[in-house]
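For ligands, and for the atoms within them, numbers begin at 1 and follow the listed sequence.
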Amino acid sequence: MVPIHPELVSTKAASTDDTLAVVSFGVSLPEASATIPIRQLGPAPVAEVWRSPLPVTRGHCGGISFRSNSEVLVGTISGEGPETDVTTRHLYRQIVEAARRAGYPHLLRVWNHVGGINEDERALERYKRFSAGRHDALTHLGYAREQFPAACAVGMKSPGLIVYFIASRAAGEQVENPRQVAAYDYPPAYGPKSPSFSRATIVRWDGEPMIFLSGTSSVVGHKTCHAGDVEGQLDETLRNIERIVCESAARAGCRATLDNLGFVKTYIRRASDYDVVAARVTAALPRAQHLFLESDICRPDLLIEIEGVARP
Ligand code: 3EB
């Protein structure tokens with residue numbers, strides 16, 4: 001049985017008993033496991049809901065609150081401090097230790113929201129401090145690069161850091177995109193410690209693969225392409241997504257295309273780009289449920305980032 005699946009539901013209907021997480025954006029909901037202070041763009045407000053077909057248990061461990069079933073655990077944690085690298089290191093240590101202790105040692109997917117992500121903090125951009133803290137925590141805790149989870153790291157309106165994650169009893173498999181340099185091999189221009197994430201993870205439950213796609217942007221090799229051109233970035237991003245979906249499915253011994261994406265989130269730096277972006281993204285990914293969010297992206301020249309889940 002596939003133990004978790006994502007859905008976008010009206011904020012009015014985000015029920016709780018069969019959910020591993022309810023994430024709301026901009027508006028706090030009483031049943032939310034996390035509320036991210038960024039604005040949803042577009043029509044009726046929806047929440048991101050991770051459903052469970054298996055019984056759900058709730059708990060706390062250190063600063064983490066989580067819900068789990070017999071296969072996966074979804075946790076949330078937040079923190080704030082004057083030094084983003086230090087805060088990040090603390091949060092990641094808690095995440096990894098709690099997940100291991102609870103018996104879900106494999107991080108499949110992590111969402112990072114960093115307040116003021118493109119601002120300098122004592123002469124180093126906050127994203128780079130975040131990357132350094134994550135890198136130090138994961139390597140210190142024994143993570144090899146092949147074990148880095150799929151991730152995204154985007155902005156939010158309030159200070160500090162909010163992280164939520166899916167951890168699993170079963171190991172995932174990391175997939176890289178041949179069009180892109182692995183993020184952990186980026187040259188030092190992108191930060192003193194390279195970003196610790198993989199482009200996708202696949203996991204198989206009872207032989208059924210699920211692909212978690214990292215935040216994907218207009219990066220080819222290690223460079224940003226089409227700076228200042230949102231439509232160019234969008235087309236490049238979709239090419240990257242197509243490739244990583246295809247690559248991931250091949251690894252799982254099956255085939256997949258953009259039509260296999262069922263759940264898609266698009267982060268848009270400038271709200272004024274929404275109409276153009278939403279029209280193109282929904283046309284390119286017609287089978288998916290879509291959520292559009294106004295958010296800064298980790299590189300100042302990136303205008304959009306797209307992530308999602310695919311089922312071959
Ligand atoms: C990139 O390709 C764009 O630091 O966790 C995408 C996904 C990006 C995840 C992260 C950063 C992260 O480098 C940025």
Check against salt bridge (Lys or Arg N to Asp or Glu O under 4.0 Å), Arg179 and Glu236: CA-CA 10 Å; Arg179 304 185 82 231; Glu236 203 66 58; 2.8 Å; yes
Validation row: Ile117, Phe130 side chains within 4.5 angstrom (heavy atoms): no
Close side-chain approach of Tyr186 and Pro195, heavy atoms under 4.5 Å: yes
Within residues 100-109 or reaching into it, pairs that qualify as side-chain hydrogen bond (donor to acceptor under 3.5 Å, both in side chains) - sequence neighbours excluded: Tyr104-Arg169, Arg109-Glu307
Leu238: hydrophobic cluster co-members (side-chain, 4.5 Å): Leu41, Val175, Ile202, Ile211, Leu213, Val230, Leu234, Ile241, Ile244, Val245, Leu258, Leu261, Val264, Ile268, Tyr274, Val277, Val281, Leu285, Phe292, Leu303, Ile304, Ile306
Summary of salt bridge (Lys or Arg N to Asp or Glu O under 4.0 Å) pairs that have at least one residue in residues 253-263, sequence neighbours excluded: none
Ligand 1 polar-atom proximity to protein (N/O, under 3.5 Å):
{"residue": "ligand 1", "atom": "2 (O)", "partner": "Tyr186", "partner atom": "OH", "Å": "3.2"}
{"residue": "ligand 1", "atom": "2 (O)", "partner": "Arg199", "partner atom": "NH1", "Å": "2.9"}
{"residue": "ligand 1", "atom": "4 (O)", "partner": "Tyr127", "partner atom": "OH", "Å": "2.5"}
{"residue": "ligand 1", "atom": "4 (O)", "partner": "Arg134", "partner atom": "NH2", "Å": "2.7"}
{"residue": "ligand 1", "atom": "5 (O)", "partner": "Arg134", "partner atom": "NH1", "Å": "2.7"}
{"residue": "ligand 1", "atom": "5 (O)", "partner": "Arg134", "partner atom": "NH2", "Å": "3.3"}
{"residue": "ligand 1", "atom": "13 (O)", "partner": "Tyr186", "partner atom": "OH", "Å": "2.6"}

